[in-house]
Structures are given as C-alpha cells and as structure tokens.
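To start, the structure itself, in structure tokens.
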There are 2 protein chains.
Amino acid sequence: MFARRIDQLCSSLVRDILAATKRPGMISFAGGLPAEEALFRPEQLDASLLASAWQYGETEGEPALRAAIALLGRELGLDCRPEQVLIVNGSQQGIDLVSKLMIDEGTPVLTEAPAYLAALQSFGLFGARFCPVKVEPTGADLAGFERTLPDVRFAYLTPTFQNPSGYCYTDAERDAVAASLDRHDVMLFEDDPYRALSYDGEAPLPIAGRLNKARWIYQGSFSKTLAPGLRLGFLIVHPDLVSPLTRLKQAADLHSNRISQTIVADLLARGELARHVAAVLPLYRERRDAMAQALQTHLGDRVQWSLPSGGLFFWVKLAGHCDTMALMRRALESGVAVMPGEPFFPAGSEASWLRLNFSHANPAQIDAGMARLATLLDAA
Amino acid sequence: MFARRIDQLCSSLVRDILAATKRPGMISFAGGLPAEEALFRPEQLDASLLASAWQYGETEGEPALRAAIALLGRELGLDCRPEQVLIVNGSQQGIDLVSKLMIDEGTPVLTEAPAYLAALQSFGLFGARFCPVKVEPTGADLAGFERTLPDVRFAYLTPTFQNPSGYCYTDAERDAVAASLDRHDVMLFEDDPYRALSYDGEAPLPIAGRLNKARWIYQGSFSKTLAPGLRLGFLIVHPDLVSPLTRLKQAADLHSNRISQTIVADLLARGELARHVAAVLPLYRERRDAMAQALQTHLGDRVQWSLPSGGLFFWVKLAGHCDTMALMRRALESGVAVMPGEPFFPAGSEASWLRLNFSHANPAQIDAGMARLATLLDAA
C-alpha cells in the first residue's frame with residue numbers, strides 16, 4: 001500500500017513529547033527551541049525591499065544571499081565561491097537533499113554516537129546502515145574514525161557543540177579527522193547550526209576547510225541565530241556536488257521562500273546578523289549557567305555532565321541504570337518535559353542519558369524543573 | 001559515489017531553456033510563469049500580523065490557514081476537516097512527499113500521457129515505472145484507465161486545465177474515472193494548480209470528491225493565483241494518509257515558511273484571494289485570445305490545437321513530422337523560447353508537439369514571437 005520506507009518512519013515519540021510541552025505550566029527541557037526573547041523579530045518589514053520576491057526564483061537561491069554566505073564561508077576557512085552555495089529550507093532540508101544524493105538501501109554511513117536524532121531519522125528513511133563512532137565528553141574516538149571510514153560512503157558529523165552531546169572537537173581532533181577523511185577519500189557532511197552560539201570564546205574552524213582531497217558539504221542555519229520560522233539554511237559544497245544537489249533541490253520544491261531569503265540577505269548586508277547574535281548570547285549564557293547551577297543543586301552526584309561551551313543542550317548521564325523512557329513519562333506527568341537519550345544512538349541504544357535544553361525555560365523555571373526531576377529520581 | 005537515483009536526474013534541457021529565456025529581448029513561451037502584472041504584491045506588510053511567525057511552527061501548517069483551506073476544499077466537494085490539510089512549499093514539494101509515500105524502485109504509477117514534466121521527474125527519481133493513459137484534445141482514454149488501474153499503486157492526474165495539454169475532463173469523464181478508481185481501489189493523487197485560472201466558466205468539481213472507496217490526495221497551490229515566491233501549496237488528504245505524510249514533511253523540512261503562511265491565511269480570511277483572481281483573469285483571457293489569434297494568423301494549418309478554457313498553455317501539434325528539439329534550438333537563436341513536447345510523455349516520447357505558454361509575454365510579444373516561429377517553420 002505504501003512505499004517500503006514508510007515502515008522506517010519513526011514512532012511518534014518525539015512528536016508526542018513536543019506536543020506535551022505545549023500544555024499550560026509545562027517546563028520544557030525537551031525541544032531545541034531558541035528562547036522567545038532571542039528571536040529576531042523585525043519591527044517593520046519594508047514592502048519595497050520585497051518588490052521582486054513574488055515571482056519564481058532561482059533554484060540555488062537569491063544571488064545576494066549566496067554571495068553573502070560565501071563570504072561567511074571564506075571567513076570560516078572554506079575555499080568557496082557564491083556558485084557553491086545552495087539555499088535550503090533550514091538544516092532539515094539539507095539533510096533530506098544529502099540523503100537523496102548519497103543513500104541507497106543499505107548504504108553505510110558513518111555517524112557519531114550519539115548523533116542528531118532528525119538526521120538519523122532522515123538517513124534511515126532512505127535506507128542507511130549506520131556505522132557509529134563514539135563521541136564522549138572526553139573526546140572523539142579518532143581510532144574509530146580511522147577504522148570505520150574505509151567502509152562508508154560518507155561521514156555525517158556535527159563537530160561544534162553537537163546536538164545532543166554539546167561536545168566541541170578540538171583543533172587537533174579536527175585535523176586528525178580531516179586527515180582520515182582525506183586518506184580514505186570519504187565525503188564529509190559537516191552540520192554546523194550552533195557555531196555562533198558560543199559562550200566561552202570562538203569555536204575552532206570547521207573540518208571541511210581542512211580537507212585537501214575528500215569532498216565536503218558544509219551546512220549552516222539561520223534558525224538558531226535569527227528565527228526558525230524563516231526556515232532558512234544553506235549548504236556550501238565542493239564544486240563536484242553543486243549540480244546534483246541543485247537538481248535535487250529543484251525536484252524537492254523548485255526553490256526556497258523568497259521573502260525569507262530577501263529579509264536575511266538584507267540583514268547580512270547591514271551586519272545585523274552579527275549584532276543580533278552578540279545581543280542574545282548573554283541570555284543564553286545566563287540560562288546555561290542557571291542549568292549548571294540547578295543540576296549541581298538538585299541532582300548533585302546522581303548525574304554526570306560537562307559544561308557545554310556552546311549550543312543549546314546539556315547531555316546528562318544518570319548514575320546507575322535508569323529507564324529514561326519511563327522517567328520521561330513520569331516527568332511529563334509532573335510537568336517537566338525531558339528528552340531521553342536512547343533515540344540519539346544510531347545502533348543499539350544506550351540507556352541512562354538525558355538531553356536537557358537550557359534555552360527555552362527561564363532561570364526560575366530551570367530551577368523549578370530540576371527540583372521536580374530530583375524528586376522523581378528520589379522516588380525511583 | 002552517489003546514490004543510484006542520481007543517474008535518474010534528468011538532463012538539464014528544461015533548466016537550459018529557462019536560463020535562455022532570461023536573455024534580453026527573448027520572447028518566452030517556454031516557462032509556466034504567471035504574468036508579472038498578475039502577481040500578488042502587497043503594498044505593505046504588517047509586522048504585527050507576523051508577530052508569532054518567527055519561532056518553530058507546526059509541521060502540518062498554521063491552524064488558521066489549514067482551516068481556511070479545508071473550507072475551500074468543502075466548497076469543491078471534498079469531505080474534509082482542517083486536520084486533513086497539510087501545508088507544503090508549493091506543488092513540487094507535495095509531489096516529492098507523495099513520491100516518498102508511495103514509490104519504491106519499480107513501483108507502477110499511472111500517469112496521463114502527456115503529463116506534468118516535473119512530476120514525471122520526481123516520480124522517476126524515486127524509481128517509478130510509468131503506466132501511461134492517453135489524454136487527447138478529444139478526451140481521456142477511459143478504457144485505458146479501466147485496463148491500467150489494476151496494475152498500479154496509484155494514479156497521478158491533473159484533470160483540470162492540464163499542464164501541458166490544457167485539457168479539462170468533463171463531468172462524465174470525472175465520474176467514470178472515479179468509478180474506475182473505486183472499483184480497483186487505487187489511490188488518486190489529483191494535482192489541481194490551475195482550477196482558478198478558468199476563462200469560460202467554472203471547471204467541474206474535482207475527481208477526489210467523487211470517490212466512495214479509493215483513498216485520495218488533492219493538491220492545490222497559491223503559486224498561480226497569488227505568487228510563486230510565496231512557495232505555498234497544500235495537500236488535502238484521506239484520513240489514513242495524514243499521519244505518514246506529516247512525518248514525511250517533518251523529515252523533509254520540519255514545516256513550511258511561517259511568513260508566507262501568515263500572509264496567505266490573512267488574505268483568505270479577508271476574501272482577498274478570490275478578489276485577486278477575479279482581477280487578473282481578464283489579463284490572462286486576453287493573452288490566451290491573443291495567442292489563439294497569433295497561431296491562426298501566422299501558423300494557420302501548419303498546426304493543430306484546441307483553445308484551452310483555463311490554465312496557462314496551448315498544446316500545439318505540428319503538421320507532419322517535426323524534430324521539435326531542433327526547432328527549439330533554432331527558435332532560441334532567433335529570440336523565441338518554446339518547450340518541446342517530448343519530455344512530457346512518460347514512456348516513449350512522441351514527436352511534433354510544442355507547449356506554448358501564453359501568460360508571460362504580452363499580446364504584442366505573442367504576435368511577434370509567433371511570426372518568428374512561422375519563419376522558422378517555413379525554412380525547415
């Protein structure tokens with residue numbers, strides 16, 4: 001009745017959790033939403049700016065936006081021209097397009113373990129076979145990369161403030177992974193939505209710019225820095241990949257929304273992106289620190305975690321064995337939404353991890369929510 | 001190196017033709033662009049209207065927009081509630097999602113011959129095997145439907161002012177096709193982007209609303225009635241299909257652009273869509289009639305065609321055998337862009353057809369372009 005891939009469609013777990021977070025009084029650590037206070041909200045929209053945004057546009061994206069993004073890419077050490085930039089509807093569409101480009105039924109794909117849940121879902125939908133490499137608070141498993149890369153068609157990595165682990169690869173790790181990718185000539189898909197949300201100094205430059213031989217796709221997003229409702233992200237890609245990805249984008253939806261593209265191109269031209277990010281970083285840093293304090297105060301040595309230097313999440317390991325799916329359900333009943341760690345593991349779930357978002361709730365809610373979690377853990 | 005489906009990515013023919021139409025002085029009959037004069041262009045955008053458009057939104061779409069579209073659906077005879085409406089980034093994304101829902105490598109799909117080129121491309125990308133049924137200026141091949149339906153997983157039809165043929169199924173044909181679909185319990189994907197562009201009275205109601213047993217997906221778009229740059233269309237679907245299509249949309253890009261959705265929901269609430277369409281119909285009717293006149297004057301009995309009662313295209317058969325690919329190239333050199341008919345045929349191309357768009361050029365350009373075409377045909 002349906003295509004076989006529909007059997008792969010994940011359970012509604014994540015949708016159910018996120019739906020529950022809308023209940024009045026719920027304190028949500030479950031999603032990945034930017035703080036309401038941090039959203040870019042223009043006070044006025046200039047209709048004349050949008051005068052040419054209504055007809056069909058170019059599949060690759062608005063030329064002014066592509067040029068501005070190529071400039072950002074070069075600042076990050078990527079060897080790129082505007083022709084290598086493809087505008088997409090947020091990172092999720094980039095993941096869909098790369099899935100289409102690379103994955104047949106059974107195609108081996110290297111991912112981190114843990115890894116971004118929605119990327120695993122998309123790759124799985126197209127039939128990927130996951131080849132995981134561990135990333136732990138102490139570092140990435142470099143020997144694992146070297147061992148696994150010969151067997152895969154491409155590697156999907158989020159080396160900068162990873163979702164869910166918050167881990168940020170060091171310069172040395174980035175160089176080592178780049179050398180491995182070059183040695184085995186394996187394409188890198190580097191997903192980098194959190195780079196700008198850096199609370200303790202700038203993150204090391206992307207891995208993509210450190211490659212000499214292997215091909216690469218670098219992905220960025222305006223969802224975390226400006227506003228998710230814009231649905232705007234970008235791929236910067238190795239020259240060989242421009243043509244097939246552009247055709248896949250054309251088959252997917254012809255081109256991205258021109259209103260959003262025009263708004264963001266204008267913001268970039270006026271330096272407003274950097275100003276907006278600088279203005280919201282203190283808010284995020286405050287919430288991160290509030291969650292660190294609340295974890296310390298209420299959960300103490302019942303949990304292990306590292307302070308994330310960027311991104312939106314704490315990755316928390318519970319002491320002893322804990323059924324986090326059951327914990328999640330009990331937490332929802334007591335008005336706190338948390339995300340169990342299981343679905344972030346591509347092959348064989350590991351128990352006892354929670355992903356806790358610190359950007360959506362305010363410091364008082366963070367403290368109250370963590371106190372409720374402590375009560376639940378005591379009762380368990 | 002890439003997934004196998006990349007071998008299926010079509011040649012750049014259409015992209016090349018459309019790129020050529022941008023050359024100064026080119027008269028384009030090649031694309032499917034709304035007239036510049038007919039685009040919805042708001043004189044001002046109310047930033048307060050958009051106040052809640054910046055955070056992540058619901059995968060299914062904005063509730064107000066879904067409710068307004070369900071109302072339109074019921075006016076078209078579809079038995080639907082707002083929960084059955086899924087907002088997409090224009091029709092092309094609807095086609096991508098339905099491809100994912102239904103098509104495995106080798107899945108048999110009934111399409112009309114000729115059929116909408118970009119749907120054939122998307123279905124082909126996912127591995128469809130095409131089972132064509134002829135649609136000719138004299139009518140649809142009803143016996144062909146009855147013969148072909150038992151062998152296919154779903155049927156893709158554009159019964160109302162089809163792209164490319166312009167054909168509009170009669171009420172009797174719609175009833176017969178609906179009965180065939182019910183008899184064989186085959187899902188219908190009815191694509192209906194041109195319904196509002198009707199120049200000689202209202203089109204018969206959709207086939208989807210005439211089904212009693214078979215499941216259905218009805219697709220509409222705001223690209224032809226308001227503006228393509230909004231990248232907004234919708235699916236109204238049988239209740240069984242809501243959940244898998246919503247998850248596929250979530251995996252594709254989480255949700256559609258909220259700025260566009262908010263703008264269109266507001267237009268619908270204020271009755272502006274119907275007013276805008278009523279205001280632009282005379283322009284399109286004038287251009288259709290100008291092209292009919294120019295065909296008559298310059299090409300005479302070297303061509304056969306029927307006057308389209310809606311949509312944006314003439315479907316023109318050249319007398320005798322004509323290599324329309326060669327004609328297209330010579331026409332580009334003399335400043336006229338036309339679309340060869342070959343790629344619209346899903347299995348085995350038929351020669352000697354041209355698709356001519358009448359909405360983009362003005363009446364003087366239409367006359368001049370047709371005179372140039374006549375000169376080329378005389379020389380051939």
Side-chain angles (χ1 to χ4, degrees), chain A residues 1-6 9-10 12 15 31 33-34 36 39-47 50-51 53-57 59 88-90 92-93 96 100-104 107 118 121-122 125-126 153 223 227-231 244 247-248 250-260 263, chain B residues 1-6 9-10 12 15 31 33-34 36 39-47 50-51 53-57 59 88-90 92-93 96 100-104 107 118 121-122 125-126 153 223 227-231 244 247-248 250-260 263:
Chain A
M1 149 172 161
F2 295 139
R4 280 190 304 275
R5 73 180 64 80
I6 301 305
L9 275 180
C10 286
S12 56
R15 292 179 62 79
L33 276 65
E36 287 292 324
L39 294 176
F40 165 79
R41 276 198 183 83
E43 299 205 353
Q44 50 186 27
L45 279 172
D46 187 351
L50 298 171
W54 307 99
Q55 187 55 278
Y56 283 109
T59 297
V88 294
N89 310 333
Q92 191 64 33
Q93 185 176 52
D96 180 69
K100 286 171 174 164
L101 180 70
M102 300 301 291
I103 303 177
D104 291 309
T107 294
Q121 288 177 339
S122 177
L125 193 63
F126 284 88
R153 191 176 283 171
S223 290
L230 290 164
R231 298 281 72 223
R247 287 162 201 223
L248 288 168
Q250 184 178 33
D253 59 5
L254 303 185
H255 61 81
S256 287
N257 188 281
R258 298 188 74 189
I259 304 171
S260 284
I263 290 172
Chain B
M1 149 174 162
F2 295 140
R4 280 190 304 275
R5 73 179 63 82
I6 301 305
L9 276 180
C10 286
S12 57
R15 290 180 63 81
L33 276 64
E36 286 292 324
L39 294 176
F40 164 79
R41 276 197 184 81
E43 299 205 353
Q44 51 188 26
L45 280 172
D46 186 351
L50 298 172
W54 308 98
Q55 187 55 278
Y56 282 110
T59 298
V88 294
N89 310 333
Q92 191 64 32
Q93 184 175 54
D96 180 68
K100 286 171 174 163
L101 180 70
M102 299 301 291
I103 303 177
D104 291 309
T107 294
Q121 289 177 340
S122 177
L125 193 62
F126 284 88
R153 190 176 283 170
S223 290
L230 291 164
R231 298 282 71 222
R247 288 162 199 222
L248 288 167
Q250 184 178 32
D253 59 5
L254 304 185
H255 61 81
S256 286
N257 188 282
R258 298 188 74 188
I259 305 171
S260 284
I263 291 172

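Predicted, not measured: the structure shown is a model, and the values here were computed from it. When reading the values below, keep in mind they use all heavy atoms of this one structure, side chains included, and skip hydrogens, waters and symmetry mates.
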Less than 4.5 Å apart, side chain to side chain, heavy atoms only: is that true for [X] and [Y]?
X       : Y        : value
A/Leu45 : B/Leu50  : yes
A/Pro34 : B/Trp54  : no
A/Asn89 : B/Leu254 : no

### B/Arg5: partners by salt bridge (Lys or Arg N to Asp or Glu O under 4.0 Å), with sequence neighbours left out
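Applying salt bridge (Lys or Arg N to Asp or Glu O under 4.0 Å) to B/Arg5 gives none.
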For [X] and [Y], work out which heavy atoms get closest and say how close.
X        : Y        : answer
A/Phe2   : B/Asp104 : O-OD2, 4.3 Å
A/Arg41  : B/Ala51  : NE-O, 3.0 Å
A/Ser260 : B/Asn257 : OG-ND2, 2.6 Å
B/Met1   : A/Arg153 : O-CD, 3.7 Å
B/Gly229 : A/His255 : CA-CE1, 4.4 Å
B/Ala47  : A/Pro42  : CB-O, 3.8 Å

#### Entry: Interatomic distance, B/Thr107 atom OG1 to A/Arg4 atom CZ [nearest 0.5 angstrom]
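Reported to 0.5 Å precision, the distance equals 7.5 Å.
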### Query
Which distance, rounded to the nearest 0.5 Å, do you find between the CD of B/Gln55 and the CD of A/Glu36?
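Between atom CD of B/Gln55 and atom CD of A/Glu36 there are 4.5 Å.
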### Query
Non-hydrogen atoms of chain A under 4.5 Å away: do they reach the side chain of B/Ser256, the backbone, both or neither?
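Interface part for B/Ser256: backbone (N, CA, C, O).
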### Query
So what's closer than 4.5 Å to chain A heavy atoms on B/Leu39: side chain, backbone, both or neither?
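For B/Leu39, the side chain is the part near chain A, not the backbone.
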### A/Ala251: side-chain contact (heavy atoms from CB on, under 4.5 Å) partners, not counting sequence neighbours
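Applying side-chain contact (heavy atoms from CB on, under 4.5 Å) to A/Ala251 gives B/Leu125.
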### Query
So, does B/Arg231 use its side chain to make a donor-acceptor pair with the main chain of A/Asp253 at under 3.5 Å?
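Pair found, side chain donor or acceptor close to backbone of A/Asp253.
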Selection from [options] maximising heavy-atom pairs under 4.5 Å formed with chain B:
options                              : answer
A/Gln250, A/Glu43, A/Gln44           : A/Gln250
A/Val88, A/Ile103, A/Ile259, A/Thr59 : A/Ile103
A/Asp46, A/Leu101, A/Leu33           : A/Leu101

